[in-house]
Chemist: 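First, the structure itself, so that you have it in front of you.
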Amino acid sequence: MNFNLTLIGQTIAMIVFVWFCMRFIWPPLIRAIDDRRKEIADGIAAGEKGQRELADARHGAESILQEARQKAAQVDALAHKRSGELIAEAKEHAVSEGERLIAQARTEVTTTQAKARDALRREVAALAVAGASRVLGREVDAKAHAALLDELAAELERQAPRG
Amino acid sequence: MAATGHSAGEYITHHLQNLTVCKVDGAWAVGGACQGKFYALNVDSMFFALALGLLLTWLFGRVARRATTGVPGRLQTAIEMVVGFVDQSVRETFHGKSNLIAPLALTLFVWVLLMNMMDLVPVDWLPWVAGMAGVPYLKVVPTTDVNVTFAMAISVFILVLFYSVKMKGIGGFTKELTLQPFNHWVAIPFNLVLEGVSLLAKPISLSLRLFGNLYAGELIFLLIALLGIWQLPLHFAWAVFHLLIVTLQAFIFMMLTIVYLSQAHESH
């Protein structure tokens, strides 16, 4: 055991190294470590929050989807109903239109028939007058015998088959 | 490179001799001539202690200056593991607030570890190189020099005294020394002797534990080096075991420093 100046030299060296460590090594390192720890803790918390939010969003999306599905079903049903109504309406319209057309055609036929009959009667009357003139040998005054002719025409009409 | 040309005793004595430099009668002297003189310097101890201290401050300082909060590099991670380990040890033992204790513990732990690690360099290499360069003695493990371990232990002891007085006041510290363990005025001399011995035992045990372990380890390496070819497996086995001692002693030195300083902070 030889104590000598090394004792003092080593003491000074130790003071200097410890001072250096206290001043320049320990604070930045421990700060970096603590900051990183905080960052990691924050990151983990943020990740958990994100996961929770994702779950919430998924849940929300599910309910929105459900609602949309319901609404679509409603719209579908409504459309079905409406189209049924439209078809029924169109059918009804078509039927009534058809009936109207038939009725119109029928009246037209009737008028044409009546017209034709009228013309025919007039022609028959004219023929009858001409025939009678020929038989009588002279002119028959149509005006003077109008009553007779009309009666003839009426007779013809009565005997002619209806239709 | 065992004791060729020397006897075993000479070999061991030579390897355990510090490169002590002093002035004898106005002329520089080296080695044995300086035994027992206070105005002498163990140049080898100082050199390796300073070199390893500078390595430590350079490496840690470099990492600390470039320390990033983001993803750290491998070196920074390794350094941070050491720092985190020391920080945890300090937190578990010392509950006050101090800007000194943690850096002190870190410096002591790493520095003592590095100095102890010098023991794992094969015992003949550096002395042989030094011998080639004309340096007659070289002890490469600073912690096998009692001056080095005592210097550190005494510094810690002075800090213990300083904090004892600072935290408890001179009155409180005196009371602690005189009124424990028997709280009666009659027992004051007895208490003083008891507490004084336990107080003084702290630096002595702190330094001698480290010194003794490393000195003994070094001595066993030297003895193994005398065994010829059989030294190779034995060296390996002892080095593996010594790795444990080296780390453990550095840890114990740091831990006891923390414990002593936390005792100084807390009144019991």
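Here is how names work: the chains are called A, B, and so on, in the same order as the sequence lines, proteins then strands, and each is numbered from 1.
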Chemist: To the nearest 0.5 Å, what is the distance between CG on B/L106 and CD1 on A/I30?
Modeler: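 Reported value, rounded in 0.5 Å steps: 9.0 Å.
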Chemist: So what's closer than 4.5 Å to chain A heavy atoms on B/S45: side chain, backbone, both or neither?
Modeler: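 Interface part for B/S45: side chain.
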Chemist: If I measure from the heavy atoms of chain A, does B/I79 come under 4.5 Å with its side chain, its backbone, both, or neither?
Modeler: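 Answer is side chain: those atoms of B/I79 sit under 4.5 Å from chain A.
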Chemist: Considering only heavy atoms from C-beta outward, does the side chain of B/L108 approach that of A/M14 to under 4.5 Å?
Modeler: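 Counting from C-beta outward, B/L108 and A/M14 do come under 4.5 Å.
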Chemist: Please report the interatomic distance CD1(A/I12) to CG(B/L50), rounded to the nearest 0.5 Å.
Modeler: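 If we round to the nearest 0.5 Å, A/I12:CD1 and B/L50:CG are 10.0 Å apart.
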Chemist: Heavy atoms, side chains only, cut-off 4.5 Å: are B/P72 and A/R36 in contact?
Modeler: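 A side-chain contact exists here, since the closest heavy-atom pair is under 4.5 Å.
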Chemist: When rounded to the nearest 0.5 angstrom, what is the spacing between CE in B/M81 and CD1 in A/I33?
Modeler: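 Taking CE in B/M81 and CD1 in A/I33, the distance rounds to 11.0 Å.
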Chemist: Among B/W111, B/W58, B/F60, which residue meets the ring-ring contact (aromatic ring centres under 6.0 Å, His included) test with A/F17?
Modeler: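 Among B/W111, B/W58, B/F60, the one meeting ring-ring contact (aromatic ring centres under 6.0 Å, His included) with A/F17 is B/W111.
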Chemist: Any side-chain heavy-atom pair from A/N4 and B/C34 closer than 4.5 angstrom?
Modeler: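 They are not in side-chain contact.
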Chemist: Which atoms of B/T68 are under 4.5 Å from chain A, going by heavy atoms: the side chain, the backbone, both sets, or neither?
Modeler: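 When you check distances to chain A, only backbone atoms of B/T68 fall under 4.5 Å.
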Chemist: Atom CG in B/D145, atom CZ in A/F3: separation rounded to 0.5 Å?
Modeler: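 Those atoms lie 9.0 Å apart.
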Chemist: Where is the tightest heavy-atom contact between B/A64 and A/P28, given as atom of each residue plus distance?
Modeler: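 Minimum heavy-atom contact is O-CB, 3.5 Å.
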Chemist: If you check every heavy atom in residues 45-59 of chain A against those of chain B, which residues fall under 4.5 Å?
Modeler: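 The list, in residue order, is empty: none.
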Chemist: Drop me the distance from B/D87's CG to A/W26's CH2, to the nearest 0.5 angstrom.
Modeler: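 Those atoms lie 4.5 Å apart.
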Chemist: Which bit of B/N18 comes within less than 4.5 Å of chain A, counting heavy atoms only: side chain, backbone, both or neither?
Modeler: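 The answer is neither part of B/N18.
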Chemist: Please determine whether side chain to side chain contact (heavy atoms under 4.5 Å, CB included) holds for the pair A/L29 and B/V63, giving the CA-CA distance in whole Å, both sets of side-chain angles, and the decisive distance to 0.1 Å.
Modeler: CA-CA 8 Å; A/L29 278 176; B/V63 170; 4.0 Å; yes
Chemist: Is the shortest heavy-atom distance from the side chain of A/V18 to the side chain of B/L100 under 4.5 Å?
Modeler: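 Sidechains of B/L100 and A/V18: in contact.
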Chemist: Name the region of A/I8, side chain, backbone, both or neither, that has any atom closer than 4.5 Å to a heavy atom of chain B.
Modeler: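 The answer is the side chain of A/I8.
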